[in-house]
Q: 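To start, I am sharing the structure in question, which I have written as structure tokens.
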Amino acid sequence: MTSEVSQVSFSELPLDNWMAHLPSALWDTPLCCMAIPGSHNAITYCLDKNDRSPVDLTQPDMLQKLDKYMKPIIRPFVYKWAIAQESSIREQLDSGVRYCDLRIAHRPNDRSNDLYFYHGVYTTITVEMVLKEIREWLDVHPKEVVILSFSHFLALSQELHSLLVSTIMSVFDSKLCPKMECVTLQKLWSQGHQVIVSYEHHIANCHRELWFHIPYWWANKCKAEALIEEFERRKQNGRPDGFFVTGINLTEDLKYICSHPTESLKDMVMSTYPTLLSWVKQQKPGSNTGSLNIIAGDFVTESRFIPTVIALNENLLNRTMIPEP
């Protein structure tokens with residue numbers, strides 16, 4: 001065991017197969033005690049730039065009115081601040097992402113049952129198309145595990161929720177991991193499970209394959225220093241039981257956008273990544289107060305974010321036993 005551990009350099013693991021290459025010392029570690037890189041607003045690389053597509057219904061009334069009457073002026077701003085990932089879902093998975101924040105909507109005035117993702121505007125590709133892409137990727141990477149968080153549902157009826165759950169079951173089938181107390185890589189591999197689905201709706205009570213909503217720490221800050229300060233405060237109160245997400249995604253407000261008219265969300269994010277990543281490097285996974293689990297960000301393939309998060313798991317090798325949460 002000593003020679004195996006000493007040779008491991010987690011930041012250099014093959015990103016498309018990093019879980020498969022973890023040392024056996026971590027195979028029985030609860031996944032909720034490991035550091036897992038995540039993608040915030042994962043499916044925003046394919047937002048509909050056709051001007052006929054409406055802005056989503058969560059946007060302020062003023063923006064919806066301005067978009068209606070001043071579309072050529074307003075839309076470029078919407079796109080610049082709505083796109084949180086530029087890489088496709090396959091590229092994100094290949095780059096090491098193992099948690100995806102999925103926000104689901106039914107488009108207004110759409111007579112079909114098709115569901116889309118949204119952030120500012122709706123996506124051009126459906127939820128079913130993306131889920132099938134993930135399934136195909138998992139078939140080629142049998143030891144990788146993904147956590148899919150379905151939340152922020154917009155305009156979904158009970159019938160559409162039932163249809164979505166049916167689609168999830170159909171696409172992933174036996175790869176779905178049912179709710180259980182402690183989930184480890186060893187346990188998942190032995191049972192052929194690769195997908196944990198959390199679902200932010202009471203329908204999750206009716207299905208053993210749907211985990212309850214995973215808490216997401218969101219700081220609602222537009223500056224890296226303020227975000228770090230907020231998370232340090234939260235860490236003092238202890239981590240939630242089970243899976244939870246720390247979102248190092250910054251949030252722009254109207255004041256910030258108006259004072260930075262030539263910038264985009266990507267400009268804001270990339271300029272703060274050095275500060276955010278130096279904070280991430282100091283974090284530790286585990287079950288103790290102050291430890292983190294899933295860490296999610298924007299434009300995750302554009303920096304050293306993913307290898308930095310994966311490398312945090314080296315901290316777990318120094319412990320002989322990790323208590324279950």
Side-chain angles (χ1 to χ4, degrees), residues 15 37-51 53 55-56 58-60 62-64 66-67 70-92 94-97 99-103 117-124 152 216-232 245-283 294-309:
L15 295 176
S39 175
H40 170 249
N41 267 312
I43 318 296
T44 51
Y45 53 87
C46 52
L47 293 178
D48 193 345
K49 295 189 177 180
N50 186 325
D51 285 349
S53 172
V55 295
D56 77 59
T58 66
Q59 300 306 310
M62 178 61 75
L63 179 60
Q64 294 192 45
L66 287 172
D67 182 70
M70 302 171 63
K71 202 180 295 284
I73 298 172
I74 296 300
R75 275 302 168 95
F77 281 94
V78 174
Y79 298 136
K80 284 199 307 179
W81 294 96
I83 295 171
Q85 310 292 342
E86 290 181 337
S87 300
S88 71
I89 188 62
R90 194 181 296 271
E91 290 167 338
Q92 291 180 50
D94 278 339
S95 299
V97 164
Y99 164 91
C100 296
D101 167 29
L102 307 175
R103 305 183 180 208
F117 305 93
Y118 74 97
H119 189 226
V121 294
Y122 303 89
T123 56
T124 55
H152 294 74
Y216 193 110
W217 283 5
W218 175 55
N220 195 21
K221 306 292 183 184
C222 60
K223 291 188 177 176
E225 293 77 11
L227 179 142
I228 290 168
E229 186 179 327
E230 170 66 15
F231 287 151
E232 286 298 326
V245 185
T246 305
I248 62 167
N249 44 287
L250 298 168
T251 307
E252 76 286 352
D253 53 22
L254 193 57
K255 179 182 176 185
Y256 187 95
I257 292 173
C258 292
S259 60
H260 299 79
T262 62
E263 284 191 19
S264 65
L265 177 61
K266 186 174 185 180
D267 292 327
M268 180 173 81
V269 169
M270 299 314 292
S271 68
T272 55
Y273 252 135
T275 301
L276 292 173
L277 289 188
S278 60
W279 178 77
V280 170
K281 285 176 184 175
Q282 298 166 30
Q283 307 312 304
I294 301 164
I295 304 175
D298 294 322
F299 303 100
V300 290
T301 64
E302 308 282 324
S303 70
R304 292 287 298 168
F305 167 75
I306 294 170
T308 300
V309 175

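The first residue in the sequence is number 1, and the count goes up from there.
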Q: Applying side-chain hydrogen bond (donor to acceptor under 3.5 Å, both in side chains), name anything that partners S87, two or more places apart in sequence or on another chain.
A: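 Partners of S87 by the side-chain hydrogen bond (donor to acceptor under 3.5 Å, both in side chains) criterion, ordered by chain and then number, come out as T301.
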Q: Mind jotting down which residue pairs meet the salt bridge (Lys or Arg N to Asp or Glu O under 4.0 Å) criterion with at least one end in residues 265-279? Sequence neighbours excluded, please.
A: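 Listed once each, the pairs are E86-K266, K266-E302.
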Q: Salt bridge (Lys or Arg N to Asp or Glu O under 4.0 Å) with D48: which residues, sequence neighbours excluded?
A: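 D48: salt bridge (Lys or Arg N to Asp or Glu O under 4.0 Å) contacts with R107.
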Q: Once side chain to side chain contact (heavy atoms under 4.5 Å, CB included) is applied, do any residues pair with K281, and if so which ones, sequence neighbours excluded?
A: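 Listed in chain order: T308.
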Q: Do Q85 and D298 have side chains that approach each other closer than 4.5 Å (heavy atoms only, starting at C-beta)?
A: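 Heavy-atom side-chain distance check passes, below 4.5 Å.
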Q: Could you list the residues that satisfy side-chain hydrogen bond (donor to acceptor under 3.5 Å, both in side chains) with R304, not counting sequence neighbours?
A: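 In terms of side-chain hydrogen bond (donor to acceptor under 3.5 Å, both in side chains), with neighbours along the sequence ignored, R304 is linked to no residue.
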Q: Could you list the residues that satisfy side-chain hydrogen bond (donor to acceptor under 3.5 Å, both in side chains) with Y273, not counting sequence neighbours?
A: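 Listed in chain order: nothing, the list is empty.
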Q: Can you list everything that forms a salt bridge (Lys or Arg N to Asp or Glu O under 4.0 Å) with D56? Sequence neighbours excluded, please.
A: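 D56 satisfies salt bridge (Lys or Arg N to Asp or Glu O under 4.0 Å) with no residue once adjacent residues are dropped.
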Q: Could you state the interatomic distance from OG1 (T44) to NE2 (H119), rounded to the nearest 0.5 Å?
A: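 Taking OG1 in T44 and NE2 in H119, the distance rounds to 7.5 Å.
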Q: Can you sort out the partners of T275 under side chain to side chain contact (heavy atoms under 4.5 Å, CB included), two or more places apart, ordered by chain and number?
A: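 Residues passing side chain to side chain contact (heavy atoms under 4.5 Å, CB included) with T275: A224, E225, I228.
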Q: How would you list, by chain and number, every residue that makes a side chain to side chain contact (heavy atoms under 4.5 Å, CB included) with L15, sequence neighbours excluded?
A: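 L15: side chain to side chain contact (heavy atoms under 4.5 Å, CB included) contacts with I306, P307, I310.
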Q: Would a 4.5 Å heavy-atom cut-off, applied to side chains only, mark E91 and Y45 as touching?
A: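 SC-SC contact between E91 and Y45 ruled out.
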Q: Going by the rule side-chain hydrogen bond (donor to acceptor under 3.5 Å, both in side chains), which residues pair with Y216 if we only count those two or more places apart in sequence or in a different chain?
A: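 Scan of Y216 (side-chain hydrogen bond (donor to acceptor under 3.5 Å, both in side chains), adjacent residues dropped) gives N249.
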Q: Which residues satisfy the salt bridge (Lys or Arg N to Asp or Glu O under 4.0 Å) test with E230, sequence neighbours excluded?
A: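 By the salt bridge (Lys or Arg N to Asp or Glu O under 4.0 Å) rule, E230 matches R233, R234.
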Q: Suppose we screen for side chain to side chain contact (heavy atoms under 4.5 Å, CB included). Which residues come up paired with I295, at least two apart in sequence or across chains?
A: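 So I295 forms a side chain to side chain contact (heavy atoms under 4.5 Å, CB included) with I248, V280, L292, F305, V309, L312.
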